[in-house]
Peer 1: 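The structure under discussion is supplied below as structure tokens; questions concerning it will follow.
Throughout, protein chains are lettered first and strands after them, A, B, ... in sequence-line order, and every chain is numbered starting at 1.
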There are 2 protein chains.
Amino acid sequence: MFEAKLAQSSLLKKVLDALREIVEDANLDCSSDGIKCQAMDSSHVALVSFDLSSDGFEPYRCDRNITLGLKLATMTRVLKCAGNDDSITLRSQDNTDTLTVLFESPNQDKTSQFEVKLMDIDTEHLGIPESEYSAVVQLPSGEFQRICRDLSQFGDSLVIACTKDGVEFSGSGEIGSAKISLRQHSMVDKEDEQVTVELNQPVTLTFSTRYLVSFSKATPLSSSVTLSLKAETPLVVEYRISDVGHLRYYLAPKIGDDEETEHIDDCS
Amino acid sequence: MFEAKLAQSSLLKKVLDALREIVEDANLDCSSDGIKCQAMDSSHVALVSFDLSSDGFEPYRCDRNITLGLKLATMTRVLKCAGNDDSITLRSQDNTDTLTVLFESPNQDKTSQFEVKLMDIDTEHLGIPESEYSAVVQLPSGEFQRICRDLSQFGDSLVIACTKDGVEFSGSGEIGSAKISLRQHSMVDKEDEQVTVELNQPVTLTFSTRYLVSFSKATPLSSSVTLSLKAETPLVVEYRISDVGHLRYYLAPKIGDDEETEHIDDCS
DNA sequence: ATACCCATCC
DNA sequence: GGATGGGTAT
């Protein structure tokens, strides 16, 4: 028996929104620790994973490890049925291929219950090596989203260059070229509006703009985002989910003259 | 070398929005006086021009006269990348076909720089004769926009009739007819909400509603607008841009039974 | 790529 | 309540 109740169904909605553009189906791996998920986009260029600790749920019960294969389009439909402040409970009996989703309104006056067919999803679980990154940039997530969106007007590739002074995003295409610079400044009142660059070594890498735009759909999850860069290593884009866990994207840099994006599993 | 910095990039954005529906490409004529622009719509029915005095820029530098041929769709994309309170700097070296656009955030922590290819645009510079108008109407720009939009539901033609008492806008079409009257009243608290009619002679003229609706896209530039009317003379719709200059549209009245809009250069 | 509708912010 | 921006649908 698996049962997990989250006070804010909206949180799960945001997580789903953050995945939807990247993957169609995903396995939730549920254990006594909590819920983990790892999924690759269909072209094997990007990987997304998230971790929700059991501490974020109340109650949380997972008698034995269970994998819930979800069709995200279905889950999106279901989650649209949640009220803004509804709680959400996920429940699955062992040896069934069904997930029960239950929404409860704050005042308990309305409950909505859904039964969703589970899928059997082929999965390749990649171990992601811990790296010492050349640069770790933290910036407001809204700023990152804005930059990705703005630069998407200027070509398919987005260059991220980190120096001790800050970080520079650039792109160029038919209509012209664009370069956006953020200066490091940690002296700001609000921690969430900081831009910080932890630099071991200056680094400049090129990525597919389209994927970065998709990644930034996770913006509602956190007010800030961190980018971890290292040559010939997938970029990590991480959104912390307060008190519960995190959501991370991985994207291999484009390499060489043709600036093709490498498959992420070519870079292991 | 040409360089002009405007504290409010939003001002230039509004100017572009005011042109976009009328013309696709436009030449900015830059001199030590400032930046002027004059462009005709593709069917030669309407003309738009604006004047931005060098006083509105700081710094402003224009070593020698230079014409910047802009594709407005490109400039629109670039200006979308500006933050709300960013300054904007336009810069062009002599003998290049490139315009540099630089946005700087108020706190200087973010800068965005764009390189845009300039165009070579055929231009016919019309001299616009000064006229003694039969009537000059001033009204709140939002009111004018609302009236144009409302009357656009009632036919392609919009009649403007000025008398000593005020101004009357009317239209009629298949679904019925509409007449909107504004009484002159200069006794209002706020000058911007006044409706005034300076009348030399009562005048009633008919215009293409569609163009007037387009003109009223300039509403964000000024809280009031003036309409200058005279028989057989292009209507002038003027928005003052405080401290910097103005933007004007010209539109020949429809004449005769068929109520065809005359080409503006037929009326010189 | 453009237009319409919905949601969020002022 | 209105306006602006973003997302979705055509």
Side-chain angles (χ1 to χ4, degrees), chain A residues 8-24 72-86 140-156 173-176 190 192-193 209-223 225 239, chain B residues 8-25 42 71-86 103 105-106 110 112 140-150 152-153 190 192-193 210 213-214 216-223:
Chain A
Q8 295 295 330
S9 62
S10 58
L11 174 58
L12 207 57
K13 203 183 285 191
K14 291 173 193 169
V15 171
L16 265 292
D17 287 342
L19 298 196
R20 228 173 0 148
E21 259 183 40
I22 307 283
V23 291
E24 296 186 355
L72 297 192
T74 302
M75 286 305 284
T76 300
R77 287 188 183 193
V78 170
L79 280 156
K80 272 202 183 132
C81 303
N84 253 343
D85 301 315
D86 286 1
S141 59
E143 186 72 74
F144 179 63
Q145 183 172 41
R146 176 72 195 265
I147 289 169
C148 292
R149 219 186 273 147
D150 284 350
L151 288 184
S152 70
Q153 304 295 313
F154 298 85
D156 303 331
E174 296 189 2
I175 73 165
K190 307 164 192 170
D192 292 337
E193 295 180 4
T209 310
R210 162 178 149 242
Y211 281 100
L212 296 181
V213 170
S214 292
F215 296 173
S216 69
K217 290 293 193 310
T219 299
L221 282 173
S222 174
S223 55
V225 61
Y239 295 84
Chain B
Q8 296 293 332
S9 63
S10 57
L11 175 58
L12 208 56
K13 204 184 285 191
K14 291 173 192 168
V15 170
L16 266 292
D17 287 341
L19 298 197
R20 228 173 1 151
E21 260 185 38
I22 307 282
V23 291
E24 295 187 353
D25 311 309
S42 54
K71 184 179 185 64
L72 297 192
T74 301
M75 285 306 283
T76 299
R77 283 191 183 192
V78 170
L79 280 157
K80 268 199 186 134
C81 301
N84 254 340
D85 302 315
D86 286 0
F103 300 121
S105 68
K110 179 180 180 182
S112 313
S141 58
E143 188 71 73
F144 178 62
Q145 182 171 42
R146 178 67 194 264
I147 289 169
C148 292
R149 219 188 274 149
D150 287 350
S152 70
Q153 306 297 314
K190 306 164 193 171
D192 293 337
E193 295 179 3
R210 162 177 149 242
V213 169
S214 292
S216 69
K217 290 293 194 309
T219 298
L221 281 172
S222 175
S223 55

Peer 1: Under a 3.5 Å distance rule, please check whether A/Ser141 uses its side chain to pair with a backbone N or O of A/Ser223 as donor and acceptor.
Peer 2: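 At least one qualifying donor-acceptor pair exists.
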Peer 1: Given atom CG of A/Asp150 and atom P of D/dG6, what is their separation to the nearest angstrom?
Peer 2: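 Interatomic distance, CG of A/Asp150 to P of D/dG6: 9 Å.
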Peer 1: Over how many whole Å does the gap from B/Gln145 atom CD to D/dA3 atom P extend?
Peer 2: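 About 10 Å, once rounded to whole Å.
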Peer 1: How about A/Phe154 and A/Thr209: do any of their side-chain heavy atoms sit closer than 4.5 Å?
Peer 2: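 Counting from C-beta outward, A/Phe154 and A/Thr209 never come under 4.5 Å.
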Peer 1: Scan A/Arg146 against the nucleic acid and name what it touches under 4.0 Å (heavy atoms): base, sugar-phosphate only, or nothing.
Peer 2: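 Contact class for A/Arg146: none.
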Peer 1: Whole-Å distance between D/dT8 P and A/Lys217 NZ?
Peer 2: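 Taking NZ of A/Lys217 and P of D/dT8, I get 7 Å after rounding.
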Peer 1: Between C/dT2 atom P and B/Glu24 atom CD, what is the distance in whole Å?
Peer 2: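 Those two atoms, CD and P, are 11 Å apart.
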Peer 1: Does A/Gln145 reach the main-chain N or O of A/Ser216 with its side chain, forming a donor-acceptor pair under 3.5 Å?
Peer 2: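 Yes: the side chain of A/Gln145 pairs with the backbone of A/Ser216.
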Peer 1: Run the salt-bridge test on A/Asp17 and A/Lys13 with the 4.0 Å N-O cut-off and return the result as yes or no.
Peer 2: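 Not counted as a salt bridge, because no side-chain N and carboxylate O are separated by less than 4.0 Å.
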Peer 1: What is the distance, rounded to the nearest whole Å, between atom CG of B/Asn84 and atom P of D/dG6?
Peer 2: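 These atoms are roughly 10 Å apart.
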Peer 1: For A/Asp17 and C/dT8, what is the distance between atoms CG and P respectively, to the nearest whole Å?
Peer 2: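 Computing the A/Asp17:CG to C/dT8:P distance gives 12 Å.
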Peer 1: Take the protein atom NZ of A/Lys80 and the nucleotide atom C1' of C/dC5, then report the distance between them rounded to whole Å.
Peer 2: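 After rounding, the reported distance stands at 13 Å.
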Peer 1: Round to a whole Å and report the spacing from CZ of B/Arg77 to P of C/dA1.
Peer 2: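 Taking atom P of C/dA1 as the reference, CZ of B/Arg77 is at 7 Å.
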